[in-house]
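Step one of this worksheet: look at the structure below.
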Amino acid sequence: MPAFNTFARLLLRLAPERSCACNIIGRIAAIEVIGLQREFKGGVKAVDGIDLEVASGEVFGFLGPNGAGKTTTVRMLVTLLRPTGGHAHVAGFDVADEPAQVRRRIGVALQDAALDPLMTGSELIELQATLHGIAPHTFRTRGAELIERVGLSQAADRRVGTYSGGMRRRLDLAMALIHAPEVLFLDEPTTGLDPTSRLTLWDEVRRLRDEGTTVFLTTQYLEEADQLADRLGIIAAGRIVAGGTPAALKSEIGTPHLDLVLTDRSDLRRAREVVAGFGDQRPATDGCHLSIGLAHGAADIAPILRALDDAGFAVAELELKQPTLDDVFLAKTGEHLEGAAEAEPEPELV
Amino acid sequence: MTAATVALARRALRNSFRRPQFLAPLVLFPTMFLAVNVGGLERTTSLAGFPQVDGFLDFQLAAAITQSLLLGGVSAGIAAALDIEGGFFDRLAASPTPRLAIVLGRLLAASVIAALQVVYFLVLGAIFGASVKGGVLGVLCVLAIGVVAGTGFGALGVMIALRARSASTVQGIFPLVFVVLFVSTAFFPANLLSPPADVVAAYNPLSYIADGLRQPIAFGNALEPLLEALAAAAGVAIAATSLSVLALRGRLRQA
């Protein structure tokens, strides 16, 4: 089968309009990762043998807490970091052996949009286009289109140093798209943004998906992954702990859970004993005292409340929650996902 | 490659002019130094063994140009280090930009700034009475030596930036510029230097560069010092550019 993959890649290289690799079942794969590793000095394994496959035209969400290995993975896939083990192909080319080919086919918007604050938006677009070998008459038209598309027409001739965080991210996205890349890497594109800017970027990602661009999106936001990703890979401590569509992952976890806030939290240990027979208890999320998985869904609520009442516990608040990606993360790692809570929004400058 | 080099050079130049706090010291500091030296040490020209010159300004102009070009190298290094610190270098590295263009673009900008520095000091000298004895050809010689030397100093700055990856470290070499300059013949002729400065100056490429810059300004055109200066400047430029390309490769390999 590896021989088939190599043969397929050779064939596809002869037909540049379809330069993606085929996987072993013949489906077009924009990104193929097998046993990818990155070990840093001191033996720290930031990425510890991950396998991934991203189909052409899909939005793949790469979800994980800070320090899980998301950015290290992206940096390897965009050729900024050499893998210390395993293989990765992007747009049909090996990131370690054919980095120049990979760079021609990818768009990259890294975490902390690295934009020159002394340049204007238009100048940066022009520079990026030149570096991609795009002819001036082409990039002027395309650059203007992209700037308009990301809503920066009014600010295009202002220096980037005067832009807000959201505007920088949008410009970064426009720059990443200037050469119409086959695969677009977005590394935590909405971290630290205000809700409006976040929604604008989400719309743009959806539009890119509709246009057939493959998007590799890393995020620490559950909602973002849930909203945008066709499929997800969840990474923790450098390993992939779960993968699939958001719906499949949540249904894998199965049951909803009941979050309870008690009026008196002085004897939570006894309260847990009271509800022990009704379902598996989970680490309580922020703001609640008990969290119980409900094997029979909402039908379990009344018996639990009665049992607590009989034992002398009064319930101040309760909430029935359907499985979320945080539950998936919890089920796979035993911990809640950091960053599930919203980051402090950054004010948008006008 | 050429388009990318020119685009990156244009960016570096544009940024230099948009960051006057980096550009101004390249000429202001040597100008002040020149004013203090010429104003306070004019009688140096009366010392036995001091070459025959119309005035101390004619002699010191080359020192100011050399000093300015060295500061230009520090400035190019700081700008390159800021690109690394700010992540712009990663943006370039993740694009299909030819690797060599990342260094050459910066050096092309350094050479243009070097030409402007030379012109500034020649005009300043002319305003205060120091005409170039070598005429138009002499001016062209000074420009040529200045541009090649400025490119070399820029390459040294870029090399240090690629190794250190920190603007503050590159800034830290600023005092070293003066040490290296003072143990050359930039400020005083070789025969008036005491040991061991005279020995160090004999091996210091800055001596040959400063003497070559000085020749057409203070004495008129003469082939030997001009060729020596060009050779020294080209040697610095070739060696430093090679080292900075190696540093770039090392940095990309470490990634």
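Given the structure is predicted, the values throughout are model-derived calculations rather than measurements. We name chains A, B, ... by the order of the sequence lines, and we start the count at 1 in each one.
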### Query
How many angstroms lie between atom CG of Leu127(A) and atom OG of Ser95(B), to the nearest 0.5 angstrom?
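So the gap between those two atoms works out to 8.5 Å.
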
#### Entry: Distance in Å, Arg103(A) CZ paired with Leu92(B) CG, rounded so as to fall on 0.5 Å steps
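CG of Leu92(B) is found 11.0 Å from CZ of Arg103(A).
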
### Query
Under the 3.5 angstrom rule, does the side chain of Arg11(B) hit a backbone N or O of Asp116(A) as a donor-acceptor pair?
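Side chain of Arg11(B) to backbone of Asp116(A): no pair is present.
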
Which heavy atom in [X] sits nearest to a heavy atom in [Y], and how many Å separate them?
| X | Y | answer |
| --- | --- | --- |
| Pro96(B) | His132(A) | CD-CE1, 3.1 Å |
| Leu80(A) | Asp90(B) | CD2-O, 3.6 Å |
| Ala94(B) | Val108(A) | CB-CG2, 4.3 Å |
| Arg18(B) | Met119(A) | NH1-CA, 3.6 Å |
| Gly86(B) | Ala114(A) | O-CB, 3.4 Å |

### Message
My understanding is that only one of Leu124(A), Leu110(A), Asp172(A) makes a side chain to side chain contact (heavy atoms under 4.5 Å, CB included) with Arg91(B); could you say which?
### Response
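Exactly one candidate clears the test, Asp172(A).
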
### Query
Do Arg14(B) and Leu118(A) come close enough that some side-chain heavy atom pair is under 4.5 Å?
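SC-SC contact between Arg14(B) and Leu118(A) ruled out.
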
### Query
Under a 4.5 Å heavy-atom cutoff, which of Asp83(B), Leu8(B), Asn15(B) has the most pairs with chain A?
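Option with the top pair count is Asn15(B).
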
Neighbour count above 12 (heavy atom, 6.0 Å) for [X] [atom1]:
| X | atom1 | value |
| --- | --- | --- |
| Phe128(B) | CZ | no |
| Arg142(A) | CZ | yes |
| Glu211(A) | CD | yes |

### Message
With a 4.5 angstrom heavy-atom cut-off, is it the side chain or the backbone of Leu82(B) that approaches chain A, or both, or neither?
### Response
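Contact with chain A is absent: no heavy atom of Leu82(B) under 4.5 Å.
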
### Toward chain B, the part of Glu126(A) with a non-hydrogen atom under 4.5 Å
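Contact with chain B involves the side chain of Glu126(A) alone.
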
### Query
Checking Met76(A) against chain B: side chain, backbone, both or neither under 4.5 Å from a heavy atom?
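Neither part.
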
### Task
Sort out for me which of Glu123(A), Arg104(A), His179(A) touches chain B most, counting heavy-atom pairs under 4.5 Å.
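Result: the option with the highest number of such pairs is Glu123(A).
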
